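Here's the structure, in C-alpha cells; my notes come after.
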Amino acid sequence: MDMFAEVKGLVLSAIERLVAEGRLPRGLDLGGVTVEPPRDPAHGDMATNAAMVLSRPARKGPREIAEALAEALAGAPGLTSVEVAGPGFLNLRLDPARWFALLPDILARGPDCGRSTLGQGRRVNVEFVSANPTGPLHVGHTRGAVFGDALAGLLDFAGYEVTREYYINDGGAQVDVLARSAFERYREACGLEPEIAEGLYPGDYLIPVGAALREKYGDSLTDLPESAWLGEVREFATAAMMDLVREDLALLGIEMDRFFSEKSLYGTGQIEAALAALEAKDLIYEGVLEAPRGKTPEDWEAREQTLFRSTAYGDDIDRPVKKSDGGWTYFAPDIAYHYNKVERGYDELIDVLGADHGGYVKRMKAAVAALSDGRVPLDCKLCQLVKLTRDGEPFKMSKRSGNFVTLRDVLDLVGRDVTRFVMLTRKNDAPLEFDFGKVLEQSKENPVFYVQYAHARAFSVLTRAAEAGFATGDSDLAAVDLSPLGTAGELRLARALGEWPRQVEVAASNHEPHRIAFYLYELASEFHSLQHQGKLDPDMRFLREDAPETTRARLALVRATAVVISAGLGILGVTPMNEMR
RNA sequence: GGAUUGGUAGCUCAGUUGGAUAGAGCACUUGACUACGAAUCAAGGGGUCGGGGGUUCGAAUCCUCCCCAGUCCGCCA
C-alpha cells in the first residue's frame with residue numbers, strides 16, 4: 001500500500017472533475033504531476049505540483065488552478081487540510097490515522113512489504129563482475145559485485161524478472177598468459193625452478209593449480225613445446241580460476257544465474273552472425289581511422305580496418321572490430337554477446353562496469369541500439385574506484401595475490417554484511433573510501449552499525465514485551481487497536497515507514513540501490529529518536545505496564561519498523577542483526 | 001587533444017529526474033542517562049551548490065563555455 005500513490009489518485013481524479021466541469025481544458029498531459037513529501041515537514045504530509053505543471057498547457061495561472069484543485073479536493077477521504085502555498089503548491093495534510101493504518105499491512109506482508117509491481121514482469125539482464133578469469137577477485141571487483149547484486153535484488157523487489165549474469169573473458173590473450181603462469185607453477189611442482197617472467201601472473205594462488213596439473217599430467221608436459229600444452233593448460237587453469245571466482249562470490253553471498261563464456265562465441269558463427277546483422281543495416285565498413293589528436297602514438301600508422309559505424313548512434317568515432325592480423329578485437333565478441341542477450345528476449349540490459357570502461361559505454365550502447373532496433377535499452381553503470389584506508393592512512397596488503405587487495409582479504413577483516421552495506425553507502429559513480437577502522441566502528445558515524453543497531457533495539461523491545469506477557473507475533477500485532485498512537489514522534493516514524501514503497505520505486509527506476517541504504521539510515525534515525533523520548537518521559541516508553549493498549553499499539557509500530565529495516569537490508573543482501581556484540 | 005565521471009558546510013557525503021528558506025554525519029559549542037544498551041538523543045553556529053553566461057513562473061539539478069580532479073583513449077580485454 002503506497003500512500004503517495006493513493007493520494008496522487010485523489011489529485012488526478014480531482015483534476016478530472018475540473019475537466020468534466022469545463023474548468024480545465026481536455027487532453028491535458030498529467031504525466032508530470034507528482035505527489036511527494038515536501039522538503040520542509042512544516043508544509044504538511046505531502047505536496048503536489050499539479051497546478052504548476054498544468055498552468056502552461058491550461059493557460060491559467062498556477063494559483064488559480066491550485067485554488068480550484070483545493071476546492072475539488074476538500075473533503076476527500078483522509079485529507080484533513082488542503083492549502084495553496086508558494087507559487088502554486090498544494091500542501092496536503094492527512095489524518096494521522098491514515099499513516100498508522102499502514103502498519104497492519106506492513107506486518108501482514110512481512111519481508112515482502114514494499115514490493116512493487118513497477119517492473120510488471122519485464123525481463124532484465126544484469127551483467128556484473130565479469131572479471132577476467134586470471135585470479136581471485138579484488139576490491140574493485142567487490143564493489144561491482146555488491147552493486148550488481150543489490151541492483152538485481154532491488155529490481156526483483158520492484159517487480160522485474162531478473163537474471164544475474166557473469167561474462168567470462170576466456171577468449172583473449174590474457175588466458176594464454178594465465179596458462180603460461182600456471183605452467184611455471186606446474187614446473188615448480190615438478191621440482192624445477194619456475195621462471196615467472198615479466199608480464200606473467202606472480203600470485204601464490206596459482207601454486208595449487210600447478211600442483212593439480214602435476215597430479216593430472218605427472219611430469220609429462222615439462223619437456224614439451226608450448227604449442228603442445230597451451231590449450232589444455234589454459235582450459236585447466238581457466239576452470240580453476242572460475243572455481244576461485246565462484247567461491248569468492250559465494251563468500252559475498254552472490255549466486256549468478258548464468259555464466260556466459262566468451263570462448264563459446266568463437267567458432268560457432270555467433271560473432272559472424274552479429275556482425276552480419278549490423279552489416280545488413282549498413283553499419284559495417286572498411287575504413288581508415290584518424291590518429292587521436294594531441295596524443296598520437298609513436299608507432300601510429302594509418303591502416304584500413306573493418307569498422308562499426310557507432311557514430312550513427314552517438315559515438316565519437318567509429319570502432320574497429322578486426323585487428324590488423326585479421327583476428328577479432330575484443331569489441332567483436334562483446335557485440336556478439338550483447339546480441340545474444342538481445343536475442344534471448346530481455347526487455348532491458350544493464351552492464352555494471354569498472355570506471356576504466358567508461359570509454360566503452362557509447363560504442364556498446366550504439367551496438368545494442370543497432371542490434372535491437374532501439375527496442376532494448378542498455379544502461380551501463382560505472383563503479384568508481386575504491387580507496388582503501390585504515391584510520392585515514394592508505395592501506396596496502398598483498399598476502400595472496402602479489403600486488404592487490406583481494407575480496408577475501410576484505411571479507412576476512414570486516415565480514416560480508418559490513419562490506420556489502422558500506423559499498424552501498426555511496427552512489428556508484430562517486431569514488432568510495434573504505435576505511436577498515438571506520439567500518440567496524442560501533443558508532444553513529446558508521447551507517448552499518450547505526451541501522452543494525454536500530455533493528456537490534458527493536459528486537460530487544462519486542463523480546464522484553466514478550467517476557468512481560470504481550471503477544472508479539474506479527475498476526476497478533478496486525479490486529480491491535482492503533483488508536484492510542486498519535487504523538488509527534490510516532491507520527492514521524494509512521495510517515496517514514498509510509499515512504500518505503502516510494503523509495504523502492506525511485507531507487508529501482510533509477511538503478512540506484514544506494515538510495516535504499518540512505519533511506520534505512522533515516523528510518524533508523526527516526527526510530528532511535530523515538531526510543532530516546534522514552535528515556536526523557538516515561539509516558540513515551542514503548543513498554544508501559546500501566547497502559548497495555550498503548551503498549552500494544554506501540555509494539556506494532558516497533559515491529560513494523562523492524563520489518564521494513566529487515567526488508568531493506570534484504571534487498572542489499574545484508575543480514576539484519578537481532579543483537580549487537 | 002578527445003571521451004567519461006565527479007566538484008555541494010572545515011571534513012566525508014545526500015539531495016525525491018526543474019520546486020518553496022539547499023540537508024545529514026563528523027568536527028566545534030551547549031544540554032540530556034544510574035540501563036526497553038547514552039553504542040543514543042536534543043539544540044546551536046557554519047554555504048557565492050567550482051566559475052561565467054543561457055533556458056522559465058522557478059535551476060545544485062537542463063543547455064553552453066571555461067577551471068580543477070579521477071578514469072580511459074587503433075592492432076590488451
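Computed from a predicted structure; not experimentally measured. Here is the naming used below: chain letters follow the sequence lines, and residue numbers restart at 1 for every chain.
The nearest whole Å value for the distance from the CG atom in A:N510 to the P atom in B:rA14 is 14 Å. Distance A:L536 CG to B:rC36 P: 12 Å, rounded to the nearest Å. When the P atom of B:rA77 is taken as reference, atom CZ of A:R234 falls 13 Å away, rounded to whole Å. Atom CE in A:M46 sits about 18 Å away from atom P in B:rU16, given to the nearest Å. In this structure, the CZ atom of A:R492 is 12 Å from the P atom of B:rC41, given to the nearest Å. Separating the CZ atom of A:R541 from the C1' atom of B:rC41 is a distance of 15 Å, rounded to the nearest angstrom. One can place CG of A:D429 at 13 Å from C1' of B:rG70, the figure rounded to the nearest angstrom. At whole-Å resolution of the value, CD in A:Q533 and P in B:rG31 are 21 Å apart.
Heavy atoms of A:H357 sit under 4.0 angstrom from at least one base atom. Heavy atoms of A:D318 sit nowhere under 4.0 angstrom from any nucleic acid atom. Residue A:G172 is in sugar-phosphate contact alone, with no base atom involved, counting any heavy-atom pair closer than 4.0 Å across all strands shown. Contact annotation for A:A355: backbone-only contact, meaning every heavy-atom pair under 4.0 Å involves sugar-phosphate atoms and none involves a base. Contact annotation for A:A47: base contact, defined as any heavy-atom pair under 4.0 Å involving a base atom. Counting any heavy atom pair closer than 4.0 Å across all strands shown, A:R464 reaches sugar-phosphate atoms only and no base atom. Counting any heavy atom pair closer than 4.0 Å across all strands shown, A:F449 reaches a base atom. Across all strands, A:K322 comes closer than 4.0 Å to no nucleic acid atom at all (heavy-atom distances). Among the heavy atoms of the strands, none lies under 4.0 Å from A:P62. The residue A:D356 sits close only to the backbone: its heavy atoms come under 4.0 Å of sugar-phosphate atoms, none of a base.
Looking at A:K341 and A:D351, a side-chain N of the basic residue comes within less than 4.0 Å of a carboxylate O on the acidic one, giving a salt bridge.
Between A:F89 and A:H43, the distance separating the two ring centers is not shorter than 6.0 angstrom. Annotation: A:F436 is in aromatic contact with A:F434 [ring centroid separation under 6.0 Å].
Atom C1' of B:rU16 sits at a distance of 12 Å from the matching atom of B:rU61, rounded to the whole Å. Rounded to whole Å, the separation between the C1' atoms of B:rG74 and B:rA3 comes to 15 Å. Here, B:rA43 and B:rG52 have their P atoms 34 Å apart, quoted to the whole Å. For the C1' atoms, the distance linking B:rG54 with B:rG47 amounts to 24 Å, nearest Å.
The shortest distance between the side-chain N/O atoms of A:K427 and the OP1/OP2 oxygens of B:rG15 is below 4.0 Å. Contact check, A:R319 against B:rG74: no side-chain N or O comes under 4.0 Å of OP1 or OP2. Between A:H528 and B:rA24, a side-chain N or O to OP1/OP2 separation shorter than 4.0 Å is absent. Taking 4.0 angstrom as the limit, A:K444 places a side-chain polar atom (N or O) nearer than this to OP1 or OP2 of B:rC41. Residue A:Y450 has a polar side-chain atom (N or O) positioned under 4.0 Å from OP1 or OP2 of B:rC41. Here A:K323 reaches the OP1 or OP2 of B:rA77: one of its side-chain N or O atoms lies under 4.0 Å away. A close approach under 4.0 Å does occur between a side-chain nitrogen or oxygen of A:S529 and OP1 or OP2 of B:rA42.
Nearest nucleotide to the A:P37 side chain, out of B:rU16, B:rU71, B:rU5: B:rU16. Considering only side-chain atoms of A:R56, the nucleotide from B:rC36, B:rU56, B:rG25 that sits closest is B:rU56. Of all nucleotides listed (B:rC36, B:rU71, B:rA14), B:rC36 comes nearest to the side chain of A:Q531.
Side-chain atoms of A:N49 and base atoms of B:rA20 include no donor and acceptor less than 3.5 Å apart. With hydrogens and angles ignored, no donor-acceptor pair closer than 3.5 Å exists between the side chain of A:R515 and the base of B:rU16.
Along RNA chain B, the nucleotide nearest to A:H514 and the one nearest to A:T48 differ in position, and the one closer to the 5' end is contacted by A:H514. Taking for each of A:E445 and A:Y167 the nucleotide of RNA chain B with the nearest heavy atom, the 5'-most of the two is the partner of A:E445.
Annotation: cation-pi geometry satisfied between A:R309 and A:Y285 (NZ/CZ under 6.0 angstrom from ring centroid, within 45° of ring axis).
Here A:H532 does not pack flat against the base of B:rA42, since the 5.5 angstrom centre distance and 30 degree tilt limits are not both met. In this structure, A:F518 forms no aromatic stack with the base of B:rA14, since the conditions of centre separation below 5.5 Å and plane angle below 30° are not both met.
Between A:F259 and A:Y166, the angle of the ring planes lies from 30° to 60°, which puts this pair in the tilted group. Using a 30° and 60° split on the angle between ring planes, A:F527 and A:F542 fall in the parallel class, below 30°.
Side-chain atoms of A:N446 come within 3.5 Å of backbone atoms of A:V439 as a donor-acceptor pair (strictly under, hydrogens ignored). Formation of a donor-acceptor pair under 3.5 Å by the A:S460 side chain with backbone atoms of A:A456 is not found in this model.
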